[in-house]
Amino acid sequence: MEAHRLEYTAELLRHFADLRDGTHGGASSRYDKERLFMAAVALLDPYARQPLEEINTDLLLGTGEVTATGVRRRDDGVDAIWALSWPEQQAAGVSPIVIRAYYGAGFHHPHLRGGSAGDWPLNVFDEEQAAALVPTLRAMASADLHNLVFQRDYRIIPAIVNGWTP
């Protein structure tokens, strides 16, 4: 990564370069991409569990349970799910909080997805609260940019068109 790039923008550039080059992490075969996906799930595991455990502790007062499926082969590809469920959520008949890593059968590369998130509450009343939103805002903007590339293609990103390489 170039020293002046932020990690989250470098991650986006790696993703768009893979689209441009027809690879994923240097792999071009489905088999090798799935092998990389399995390794990524293992690396991601403690970090996917962390926010779920934090929510369980701070908001659910320890009444919830974090579960993980590990990598599963499905008709539509491979995936791994981390979920947080708790008694009130189950009684209400709503889905648990979910973080899903998936590599769809017809996909070029894997993705992450939440269970239902699309909106985020805006409750900012001072500078510290605004600054604390930076990771969330980065994630929102990165997801939006990814979806814009998905709607068209990687060529809407000047750094990729101008030859950026990982």
Side-chain angles (χ1 to χ4, degrees), residues 1-55 66-85 95-122 130-166:
M1 180 176 87
E2 295 177 36
H4 70 282
R5 294 224 189 268
L6 299 171
E7 182 54 37
Y8 83 101
T9 61
E11 180 181 358
L12 284 165
L13 285 170
R14 285 192 303 272
H15 176 76
F16 301 145
D18 282 350
L19 289 173
R20 178 194 64 205
D21 300 341
T23 62
H24 173 66
S28 56
S29 74
R30 176 75 190 197
Y31 175 82
D32 288 338
K33 290 177 183 182
E34 283 189 12
R35 187 178 47 75
L36 290 173
F37 174 78
M38 290 178 208
V41 167
L43 291 169
L44 188 60
D45 184 69
Y47 301 104
R49 290 174 184 270
Q50 181 178 339
L52 299 176
E53 293 289 0
E54 292 167 354
I55 290 170
V66 174
T67 58
T69 64
V71 176
R72 310 178 299 179
R73 186 156 306 280
R74 320 273 294 178
D75 289 339
D76 62 346
V78 290
D79 76 354
I81 292 178
W82 296 266
L84 170 59
S85 59
S95 298
I97 297 170
V98 169
I99 298 170
R100 180 180 184 221
Y102 67 103
Y103 183 17
F107 286 22
H108 174 72
H109 50 252
H111 289 86
L112 286 172
R113 170 184 288 165
S116 65
D119 293 324
W120 190 259
L122 179 59
L133 273 179
V134 168
T136 300
L137 297 169
R138 284 177 176 153
M140 292 169 75
S142 297
D144 203 32
L145 182 59
H146 173 266
N147 290 338
L148 293 173
V149 167
F150 188 70
Q151 290 173 22
R152 189 60 57 203
D153 70 23
Y154 67 85
R155 287 182 279 266
I156 69 168
I157 309 299
I160 293 299
V161 172
N162 291 321
W164 182 86
T165 56

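Because the structure is predicted, anything quoted here is derived from the model rather than measured.
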From Ile97 atom CD1 to Ile55 atom CD1, the distance as rounded to the nearest 0.5 Å: 4.5 Å
Parallel, tilted or perpendicular: ring planes of His111 versus His15, cut at 30 and 60 degrees: perpendicular
Between CH2 on residue Trp164 and CZ on residue Arg5, distance to nearest 0.5 Å: 7.0 Å
CD1 on Ile156 to CD on Gln151, rounded to 0.5 Å: 8.0 Å
Distance (rounded to the nearest 0.5 Å) between Arg14 CZ and Glu7 CD: 5.0 Å
Qualifying residue, where the test is side-chain contact (heavy atoms from CB on, under 4.5 Å) with Phe16 and the options are Ile160, Asp21, Asp153: Ile160
Point-to-point distance, once rounded to the nearest 0.5 Å, from NZ of Lys33 to OG1 of Thr23: 7.0 Å
Closest non-hydrogen atom pair between Leu52 and Val66, with its separation: CB-CG2, 3.8 Å
Qualifying residue, where the test is side-chain contact (heavy atoms from CB on, under 4.5 Å) with Ile157 and the options are Leu12, Leu19, Leu145: Leu145
Whether Tyr103 and Phe37 hold their rings parallel, tilted or perpendicular, with breakpoints at 30° and 60°: tilted
Arg49 and Asp45 ion-paired at < 4.0 Å: yes
Test side-chain contact (heavy atoms from CB on, under 4.5 Å) applied to Phe150 - qualifying residues, sequence neighbours left out: none
Electrostatic pair Glu34-Arg73, nearest N-O below 4.0 angstrom: yes
